[in-house]
Student: 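Sharing a structure here in structure tokens format.
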Number of protein chains: 2
Amino acid sequence: MQITILGGGGFLGRKLAHRLAADGALDGQAITGLTLFDLAAPAPVEAPFAVRCLGGNIADAEAAKAAVPPGTDVVVHLAAVVSAQAEADFDLGLTVNLHGTLAVLQACRALPKPPRVVFTSSVASFSGGQEARLEDDARQMPGNSYGAEKAAAELLLQDASRRGMLDAVSLRLPTVIIRPGRPNKAASSFVSAILREPLLGLETELPVPEEFALWICSPRRAVDWFLHAMAMDTAPLGLDRGINPPGRSATVGKMLSALEAVAGPEARARVKPVPDAAIEAIVGTWPASFTAERARRLHGFSEQESLEEIVEAFIADDLAATRAERGL
Amino acid sequence: MQITILGGGGFLGRKLAHRLAADGALDGQAITGLTLFDLAAPAPVEAPFAVRCLGGNIADAEAAKAAVPPGTDVVVHLAAVVSAQAEADFDLGLTVNLHGTLAVLQACRALPKPPRVVFTSSVASFSGGQEARLEDDARQMPGNSYGAEKAAAELLLQDASRRGMLDAVSLRLPTVIIRPGRPNKAASSFVSAILREPLLGLETELPVPEEFALWICSPRRAVDWFLHAMAMDTAPLGLDRGINPPGRSATVGKMLSALEAVAGPEARARVKPVPDAAIEAIVGTWPASFTAERARRLHGFSEQESLEEIVEAFIADDLAATRAERGL
Ligand SMILES: NC(=O)c1ccc[n+]([C@@H]2O[C@H](COP(=O)([O-])OP(=O)(O)OC[C@H]3O[C@@H](n4cnc5c(N)ncnc54)[C@H](O)[C@@H]3O)[C@@H](O)[C@H]2O)c1
Ligand SMILES: NC(=O)c1ccc[n+]([C@@H]2O[C@H](COP(=O)([O-])OP(=O)(O)OC[C@H]3O[C@@H](n4cnc5c(N)ncnc54)[C@H](O)[C@@H]3O)[C@@H](O)[C@H]2O)c1
């Protein structure tokens with residue numbers, strides 16, 4: 001089984017690569033090769049199979065083809081320009097998030113056997129805001145360019161699946177916490193920062209009120225979902241390739257209480273409320289909850305741990321590396 | 001007021017151009033110039049204002065810019081590859097229906113003042129089939145590439161509207177009957193053919209059962225909708241730029257009865273049932289009905305005439321020209 005991870009140098013791509021290396025197999029089938037593709041060639045991963053690391057722009061047809069060579073069984077397409085950046089640079093977002101996905105589509109279609117494509121769409125492709133608890137058939141009415149590009153890309157991958165050019169599963173990921181490393185250009189960057197920075201001993205700003213709720217998931221569960229989506233039977237999906245996986249709805253206040261429970265009141269005290277209307281304008285349109293009934297009915301999409309466990313998992317998996325990366 | 005019609009040489013583009021020429025004004029404002037753009041430069045239209053006829057490919061950035069010169073107030077974007085053709089040639093459909101609309105977006109965004117853009121999406125961007133009566137918030141789950149491209153283009157125009165690059169209204173048109181001229185490459189071509197061909201004295205085939213229902217509208221009402229969408233206040237639309245206008249749900253049997261009422265039993269007898277699974281597979285996924293409540297609440301989107309009146313309107317407006325065009 002040959003696998004490609006596009007955006008394989010990013011947060012979730014890296015975690016997935018390490019998990020595949022540790023497992024050596026996917027759904028009982030031995031992995032024979034892994035291609036990691038990102039803007040700059042990702043650092044190699046120690047694995048019991050060949051790992052190929054490629055740099056390139058996913059929106060470039062030739063680069064996309066090189067990343068998805070003949071024999072590829074599964075493509076996990078994570079390469080993207082995130083929300084605040086796509087909002088700040090319309091053309092860049094369109095190029096990477098829409099044209100990039102079309103380049104992936106064309107590369108997959110050129111393969112002799114249509115590969116499974118796991119695409120990461122986002123909660124940001126929906127509207128509804130704080131009051132929402134969206135059903136699975138809710139329409140995507142994005143209030144930001146990133147979400148519009150993700151939803152448009154979903155439509156095209158769904159159509160390509162119907163035509164048999166590839167076999168897509170589009171996971172509308174919740175906000176994944178806790179992201180390691182540095183703050184990034186996602187509008188939701190603060191959701192990880194309010195937990196990560198205090199654990200590093202640093203102060204950080206909270207741009208929304210404590211009652212503000214978000215639909216979140218942990219990186220461990222996101223990787224579990226990828227593994228399931230990479231191997232699941234797609235026949236029951238029919239035309240509809242979009243899945244709202246079972247995240248968790250949590251207020252910022254509850255997240256900070258979990259931080260306090262794990263790391264003490266001094267950690268929580270490092271979070272300073274500094275309202276930011278621009279951030280709230282973007283994340284305020286994202287729905288705070290989903291029913292995720294379809295994902296649960298399909299089975300195999302695992303449920304979230306408690307918020308305390310999510311904080312503890314970050315400490316176990318990522319704190320030391322984040323400290324090292326940031327020279328702390 | 002300067003207006004551009006993209007796809008201005010087509011069925012509805014031509015009708016709209018003639019109507020603008022007859023009115024000389026839009027919503028009380030004098031029209032000062034009209035650009036008609038199509039693959040081949042459309043024939044000029046006699047009008048009380050300057051008419052510019054341009055040929056080019058809408059997916060070509062330079063051609064799109066030339067079609068939408070500075071000073072353009074309204075763009076009616078009708079240029080498209082229709083359903084059966086987009087299904088037969090995936091790349092052509094993607095190029096014209098998706099990349100073409102992106103070229104229109106970029107051309108509009110380059111203007112000093114964001115123009116109104118009236119986009120024609122389609123009932124084919126929805127699923128649901130014969131049993132459906134879709135609410136306004138139904139999601140678009142297209143069962144054909146044409147519909148997927150239209151729905152993706154809607155998302156991008158909606159986002160561009162939110163960003164103030166242009167000001168879009170996307171009309172999800174029903175199947176427009178009776179189309180003059182020759183049968184075309186739309187999967188729904190037969191819906192017009194079963195009325196038009198008998199009126200020309202010709203036999204024609206009916207690929208679906210008589211109980212088969214479709215969501216239809218007349219060309220006169222489609223043009224009325226365009227005029228309304230070109231001038232309406234878009235503030236009440238908010239984020240959601242998609243409108244399901246008030247078509248009519250009608251079975252093929254009712255259409256044939258209207259034909260018989262207007263043109264006699266000998267006309268109806270020219271329609272021969274010849275089931276075609278490929279055609280039914282495409283049109284069978286389109287919803288047969290919509291509530292169209294939002295369009296009615298917004299006012300200004302006029303209701304359909306009776307089926308008999310639609311047949312009579314074709315005889316009055318298009319029969320002679322169709323005879324001449326086809327040498328009958
Ligand atoms: N992390 C989240 O909270 C979250 C939530 C919803 C959806 N998602 C989606 O999940 C995916 C993975 O998220 P992540 O947090 O790992 O993101 P990330 O930003 O850490 O990783 C994305 C990777 O894509 C790469 N990339 C960007 N432009 C590229 C280009 N033109 N060519 C090649 N590579 C390019 C980046 O270099 C980066 O390494 C993304 O598609 C993201 O939109 C993430
Ligand atoms: N007529 C219907 O029943 C119906 C129903 C739903 C939606 N629509 C939509 O309404 C619009 C108008 O419909 P119509 O019936 O007048 O279609 P039509 O096919 O008669 O007109 C479309 C025009 O677009 C032109 N065109 C195609 N590719 C082009 C390109 N690359 N560059 C420039 N021009 C190009 C064609 O030459 C044609 O003249 C279309 O967008 C169609 O998808 C029509």
Side-chain angles (χ1 to χ4, degrees), chain A residues 86-91 93-95 97-99 101-103 105-106 109-110 121 124-129 134-166 168 237-242 244 281-282 285, chain B residues 86-91 93-95 97-99 101-103 105-106 109-110 121 124-129 134-166 168 237-242 244 281-282 285:
Chain A
E87 202 58 27
D89 187 340
F90 179 73
D91 288 303
L94 205 58
T95 299
N97 298 341
L98 184 68
H99 295 288
T101 303
L102 283 170
L105 186 160
Q106 296 289 6
R109 175 192 181 195
S121 184
S125 65
F126 292 93
S127 286
L134 294 190
E135 303 279 345
D136 285 313
D137 66 354
R139 69 178 164 159
Q140 286 164 297
M141 175 66 57
N144 57 92
S145 293
Y146 165 81
E149 292 146 11
K150 289 282 189 183
E154 279 192 56
L155 279 161
L156 300 167
L157 290 174
Q158 176 211 299
D159 187 53
S161 300
R162 182 188 61 81
R163 296 185 75 118
M165 296 172 169
L166 48 81
L237 297 183
L239 208 52
D240 181 3
R241 297 312 181 105
N244 302 329
I282 297 186
T285 67
Chain B
E87 203 57 27
D89 187 341
F90 179 71
D91 288 304
L94 206 58
T95 299
N97 298 341
L98 184 68
H99 295 288
T101 303
L102 282 170
L105 186 161
Q106 296 289 7
R109 175 191 181 197
S121 183
S125 65
F126 294 92
S127 285
L134 294 190
E135 303 278 343
D136 285 314
D137 65 355
R139 70 177 163 159
Q140 286 164 299
M141 177 64 58
N144 58 92
S145 293
Y146 165 82
E149 293 146 10
K150 290 281 188 182
E154 278 192 57
L155 280 161
L156 301 167
L157 290 175
Q158 177 210 299
D159 187 51
S161 300
R162 182 188 62 80
R163 296 184 77 118
M165 295 172 169
L166 49 79
L237 296 184
L239 209 51
D240 181 2
R241 297 313 181 103
N244 302 329
I282 298 186
T285 67

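Lettering of chains follows the sequences in order, A, B, ..., and the numbering in each one begins at 1. All figures in this text were calculated on a predicted structure; none of them were measured in a lab.
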Student: When rounded to the nearest 0.5 angstrom, what distance separates NE2 in A/His99 from CG in B/Leu98?
Tutor: 7.5 Å
Student: Side chain from CB out, backbone as N, CA, C, O: work out which of these in A/Leu156 comes under 4.5 Å of a heavy atom of chain B, or both, or neither.
Tutor: side chain
Student: How long is the straight-line distance from CZ of A/Phe90 back to CE of B/Met165, given to the nearest 0.5 Å?
Tutor: 4.5 Å
Student: Considering only heavy atoms, which portion of B/Leu157 lies under 4.5 Å from any heavy atom of chain A: side chain, backbone, both, or neither?
Tutor: neither
Student: Looking at B/Ala148 and A/Leu155, what are the two nearest heavy atoms and their distance?
Tutor: CB-O, 4.0 Å
Student: Sort out for me which residue in B/Asp136, B/Asp240, B/Asp137 forms a side chain to side chain donor-acceptor pair (under 3.5 Å) with A/Arg139.
Tutor: B/Asp240
Student: Highest number of heavy-atom pairs under 4.5 Å with chain A: which of B/Gln140, B/Glu154, B/Glu149, B/Glu87?
Tutor: B/Glu87
Student: A/Thr285 versus chain B, heavy atoms under 4.5 Å apart: side chain, backbone, both or neither?
Tutor: neither
Student: Could you grab the distance from atom CG of B/Leu94 to atom CG of A/Asp159, nearest 0.5 Å is fine?
Tutor: 9.0 Å
Student: Return the option, out of B/Gln158, B/Arg163, B/Gln106, B/Arg109, with the maximum number of heavy-atom pairs under 4.5 Å with chain A.
Tutor: B/Arg163
Student: Tell me, for A/Ala138 versus chain B, whether the close heavy atoms (under 4.5 Å) come from the side chain, the backbone, both or neither.
Tutor: backbone
Student: Rounded to the nearest 0.5 Å, what separation is found between the CZ atom of B/Arg241 and the CE atom of A/Met141?
Tutor: 10.5 Å
Student: Give the minimum heavy-atom separation between B/Leu239 and A/Pro142, together with the two atoms involved.
Tutor: CD2-O, 3.7 Å
